Number of protein chains: 2
Amino acid sequence: MCELLGMSANVPTDIVFSFTGLMRRGGGTGPHRDGWGIGFYEGRGLRLFQEPRASSESEVAQLVQRYPIKSEVVIGHIRQANVGKVCLANTHPFVRELWGRNWCFAHNGQMTGFAPSPGFYRPVGDTDSEAAFCDLLNGLRQAFPEPVAVELFLPSLVAACATYRQHGVFNCLLSDGDWLFSFCSTKLAHITRRAPFGPARLKDADVRVDFQAETTPDDVVTVLATEPLTANERWSLYRPGEWRLWRRGECVAQGLSD
Amino acid sequence: MCELLGMSANVPTDIVFSFTGLMRRGGGTGPHRDGWGIGFYEGRGLRLFQEPRASSESEVAQLVQRYPIKSEVVIGHIRQANVGKVCLANTHPFVRELWGRNWCFAHNGQMTGFAPSPGFYRPVGDTDSEAAFCDLLNGLRQAFPEPVAVELFLPSLVAACATYRQHGVFNCLLSDGDWLFSFCSTKLAHITRRAPFGPARLKDADVRVDFQAETTPDDVVTVLATEPLTANERWSLYRPGEWRLWRRGECVAQGLSD
């Protein structure tokens, strides 16, 4: 089982606190010893840190924890290998350019009997996750050769995820740096923090933060994770089949697929 | 003017020494204050570090200098912005997936009157460099829809570079993690280090290294740079129009375009 981490915010926000919790699960409090990765959007650019080893022992992970990179959209992942060997090419999140934007994808789960036909986008590694990501982009590209608003291809996105879910477990996060799409097959949680901000305490490490000291009254920050990361806040759990589209911290569309 | 750095080796080799010299040119001894980036291949995976600010002041650059990432192919770049604003999306090297491999590209120079027709690959930022990279991949993809050996598409690659060169200065490095292609429009230098290894002294920083202590007798390591990085070794200079294809440290093909 892997862990997902996502963030959508209306101001550039650092994710050091949540990342610290997630990283502890990578070989510390959790069994996810096979790699981790995190992508931070800066405008249309994407900054990606990845390592095919336990996050709790990773020097690069320590840098990312020390270094408050501020971003409006973040996608992170820690991995316990099920399919595909442990190597950089198999480490989430995966990135492809579509319509002149960087698309970033992370998957939690496992699929069986999934063999998509080869298309334009092809996997570099040998995970079912990257194969699904490529298939998803190939489908979108075929349906929409030119860029369209997310609202227009959202039904295609949801339909693709619903198909992948039939092959096993398919919780995922996907973004182009503007919006953040989330799909829950079995397990995903979210919390939206806004004024009045309060203190928060990590479940996986003895770390607390007072968000009030670090925010302005207009900030809206949503954090997504496979399981709630803090012990003293109320997280909302997705239902199986539920999807949500986030933009600048707010949920702008949601639904339930069959 | 920007600076390029490339490495091709027959064993995973760290590039800390050469990177240290290059980074000093990024706002230290050189005028390249507008960003830097470096991509390290690990198998088919690619590890990319980038920052849209002076490398001599960058915390991530310091990490890369401390952290001996071993790789067989490396492409690095420091930037002085000519075209396109200073931001992450405009920071070299650029990456795209083609034929299920990560292709990595860095360009030194400036082009005028270059407006390629839009294709499948589209620039995320607004540099002429990324536009040329996308155009080059679109051309290759059109000529070779399915993967072929580098020797087969090499003439197309050289022809594309010769075309771009007509629009200005086009020194570039390109790799898919297996081979490293280099094209010189005005300025590029190379050195191949092999047994017996000796000491080397950087031109841009008071740093010395004794390669003999860090290598085995079978190691072959080629370093490419816009200008020679060391003061006590004999670098070879490319001629204008010269291209070379490197693989595992050795030059496996070369030629001169018109």
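Letters go in sequence order (proteins before strands), and every chain restarts at 1. Just so it is clear, the model here is predicted, and its values are computed rather than measured. The analysis underlying the following values was restricted to heavy atoms, covering all of them including side chains, and did not include hydrogens, waters or symmetry mates.
- Within the 4.5 angstrom heavy-atom criterion, atoms from both the backbone and the side chain of A:Tyr121 approach chain B.
- Between atom CD1 of residue A:Ile69 and atom CD of residue B:Glu51 there is a gap of 8.0 Å, rounded to the nearest 0.5 Å.
- For a residue to count as touching a neighbouring chain, one of its non-hydrogen atoms must lie under 4.5 Å from one of that chain's; by this rule A:Leu98 does not touch chain B.
- Shown here for B:Gly119 and A:Arg141, the closest heavy-atom pair between the two residues is O-NH2, 4.4 Å.
- Within a 6.0 Å radius of CD in B:Glu151, more than 12 heavy atoms belonging to other residues, nucleotides or ligands are found.
- The backbone N or O of B:Leu88 lies less than 3.5 Å from no partner atom in the side chain of A:Arg47, so there is not a single donor-acceptor pair.
- Taking chain A as the reference chain and counting heavy-atom pairs below 4.5 Å, the highest number among B:Glu42, B:Gln50, B:Arg96 is found for B:Arg96.
- Closest non-hydrogen pair, B:Glu97 versus A:Val124, comes out as CG-CG2, 3.9 Å.
- Note: A:Gly100 leads A:Gly177, A:Cys87, A:Gly100 in heavy-atom pairs under 4.5 Å with chain B.
- Interface remark: A:Pro145 contributes backbone atoms only to the contact with chain B (heavy atom separation under 4.5 Å).
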